[in-house]
Amino acid sequence: MRTASIILCLVLLDSLALAQQQATPPKRIVIAASTLLDGQGHVLHNTRIVVEGSKMVAIDPKAGPVDYDLTGLTVLPGWIDCHVHITWSFGPDGKNTGAAGTTQQAAYAAASNAWVTLLAGFTTVQSVGSPADIPLRDAIASGQLPGPRILSAVEPLMGRGEQTGTPDEIRAFVRKQKEAGADLIKIFAAGSVRRSDPLLSPEQLNAACDEARKQGLRTLVHAYKDAVREATVAGCTEVEHGALATDDDLKLMVQKGTWLDPQAGLVMENYLQNKEKFLGTPGFPEEAFPVIKEMIPLFHQFMKQALKIQGLKIVFGSDALAGSHGRNAEELIDRVRDVGMDPMAALVSANSLAAQSLGMENQIGSIAPGLQADIIALDGDPLHDITAVRRVSFVMKGGVVYKHVRPSGHTPLKFKIKSG
Ligand SMILES: [Zn+2]
């Protein structure tokens, strides 16, 4: 524990030092890589990335002197998780607090979630379901706290049939979220696999997605079965989860350019791994757990089905919540190991493809001059052993280094921090 705090201090000092250097003319940092995945599906060998200030300015094998020698590791863009709940944690009694936590303890837990997410290589996350995201997002953006870049949906639109409101009321709700600082709008258009009936009429869903579009905001729609087609027809941007959709629904998504963010396991596995902490909290009676277990093969099957649909844009979202913050990359392992997704495709889904889904491909998601210097390195080759995504040795976000540890076996330096 003591060693961990000392290391933490060293890393923080390192980051602070770099942050201070940002105030003076941008420092030039050269990173050497023997294997570099550019985030778009290409592999480069023996090259160097030149960083100035917060951005990459060149990929030049002859650049020097080298400040960070990452040879022997796999270097890639910082990952993007399109679906997290960054403020959701377990409370002081060890039980899941979901979105309800507003105590001081909850605030620290949220800050911890952000920190462990960043250390796990995720430099941007999209948080979809809590107004509590906003102060955290802004504190990180202004450099007061370490964490990933956060995009937030503020308060989601919960489908409740007619009670949800008239189309005009729904439009007003969307505008209210924009005023509160929303980067996107999250919509619950169905319950779960077991309660998959649409919770919004086509008119209601259309009002939500149309108003968001007029406000310049994307829409993420939690949907199963028929609601998947309805969200697609309504011109919403992205479908979350999506299970029980038919091949025809998925083909319609291709035609309309709708993104799909299915989950291959982590979110369900996490409920089972942390059963005692979820048991008895809202939505988690004892009988929920066997059902969750049964869902895992169904979700695997759905992702296999989706992967067969040509042209379908499958993006990365782990649905990280209490217990899985900082373990987001387990979802990459699930996608490759349990569903048979090509490792490169899985990695790209968390890099350039994810950036495209956010409309941020000119800022993040690739290793290229002009983009934010979000750069991570793995101890291992994820194309041959996907579990290498667990071994993040280096994390730079916006030109600031937050983590730089020697690969395992070389030194005792190692982070061991638990998420809340
Ligand atoms: Zn979620």
Side-chain angles (χ1 to χ4, degrees), residues 8-27 29 51-57 77-82 84-89 99 101-155 177-184 216-218 320 325-326 328 354-355 358-360 362-365 370-376 395-404 417 419-420:
L8 201 70
C9 289
L10 289 174
V11 172
L12 282 173
L13 285 174
D14 199 24
S15 315
L16 283 174
L18 279 164
Q20 277 161 3
Q21 283 156 8
Q22 311 263 301
T24 51
K27 182 180 160 29
I29 297 174
V51 174
E52 273 178 21
S54 64
K55 290 184 176 175
M56 293 178 269
V57 294
W79 286 314
I80 300 164
D81 192 331
C82 297
V84 305
H85 300 273
I86 197 77
T87 58
W88 295 12
S89 305
T102 52
T103 59
Q104 189 177 16
Q105 192 272 342
Y108 284 127
S112 164
N113 294 343
W115 176 227
V116 298
T117 300
L118 180 64
L119 291 184
F122 287 81
T123 46
T124 303
V125 299
Q126 181 157 260
S127 188
V128 292
S130 175
D133 293 344
I134 299 299
L136 180 65
R137 176 192 72 182
D138 295 349
I140 292 170
S142 63
Q144 296 172 61
L145 277 178
R149 204 173 279 109
I150 294 177
L151 304 179
S152 171
V154 191
E155 195 183 326
Q177 301 320 307
K178 166 133 186 180
E179 276 162 32
D183 302 292
L184 69 145
L217 299 179
R218 292 169 295 108
H325 299 294
N328 317 53
L358 307 178
M360 293 177 75
N362 295 326
Q363 298 167 61
I364 55 173
L371 270 64
Q372 285 292 310
D374 292 356
I375 299 165
I376 64 171
V395 176
M396 171 186 269
K397 186 194 116 195
V400 177
V401 176
Y402 291 91
K403 183 178 188 180
H404 183 212
I417 300 172
S419 78

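Keep in mind it's a predicted model, so treat the numbers as computed, not measured.
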For [X] versus [Y], what's the shortest heavy-atom pair and its separation?
X    : Y    : answer
T124 : R149 : OG1-NH1, 2.9 Å
D133 : I86  : OD1-CG2, 3.6 Å
L118 : G147 : CD2-N, 3.6 Å
I140 : A114 : CD1-CB, 3.8 Å
S127 : I150 : CB-CG2, 4.2 Å
G129 : A153 : N-CB, 4.4 Å

With heavy-atom distances below 4.5 Å as the criterion, would you say the side chains of [X] and [Y] are in contact?
X    : Y    : value
K55  : Q372 : yes
T123 : P148 : no
K397 : Y402 : yes
V125 : H85  : no
V128 : V84  : no
L151 : L358 : yes

Separation between [atom1] of [X] and [atom2] of [Y], rounded to the nearest 0.5 Å:
X    : Y    : atom1 : atom2 : answer
T117 : N328 : OG1   : CG    : 5.0 Å
S112 : L145 : OG    : CG    : 11.0 Å
S142 : R137 : OG    : CZ    : 11.0 Å
K403 : M396 : NZ    : CE    : 15.0 Å

Quiz item: Donor-acceptor pair, H325 side chain versus W88 backbone, under 3.5 Å?
Solution: yes

Quiz item: Is a side-chain N or O of Q177 found less than 3.5 angstrom from the main chain of V154, in a donor-acceptor match?
Solution: no

Quiz prompt | Partner residues of A120 under the side-chain contact (heavy atoms from CB on, under 4.5 Å) criterion, sequence neighbours left out | solution =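 Only F122 meet the side-chain contact (heavy atoms from CB on, under 4.5 Å) criterion with A120.
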
Quiz prompt | Non-neighbouring partners of K178 that pass side-chain contact (heavy atoms from CB on, under 4.5 Å), sequence neighbours left out | solution = Q215, L217

Quiz prompt | No-hydrogen, no-angle side-chain donor-acceptor test under 3.5 Å, R218 and Q126 | solution =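 A pair is found: one side chain offers a donor N or O, the other an acceptor, under 3.5 Å apart.
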
Exercise. Tell me yes or no: between the side chains of T87 and N113, is some donor less than 3.5 Å from an acceptor?
Key: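 No - no donor-acceptor pair under 3.5 Å links their side chains.
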
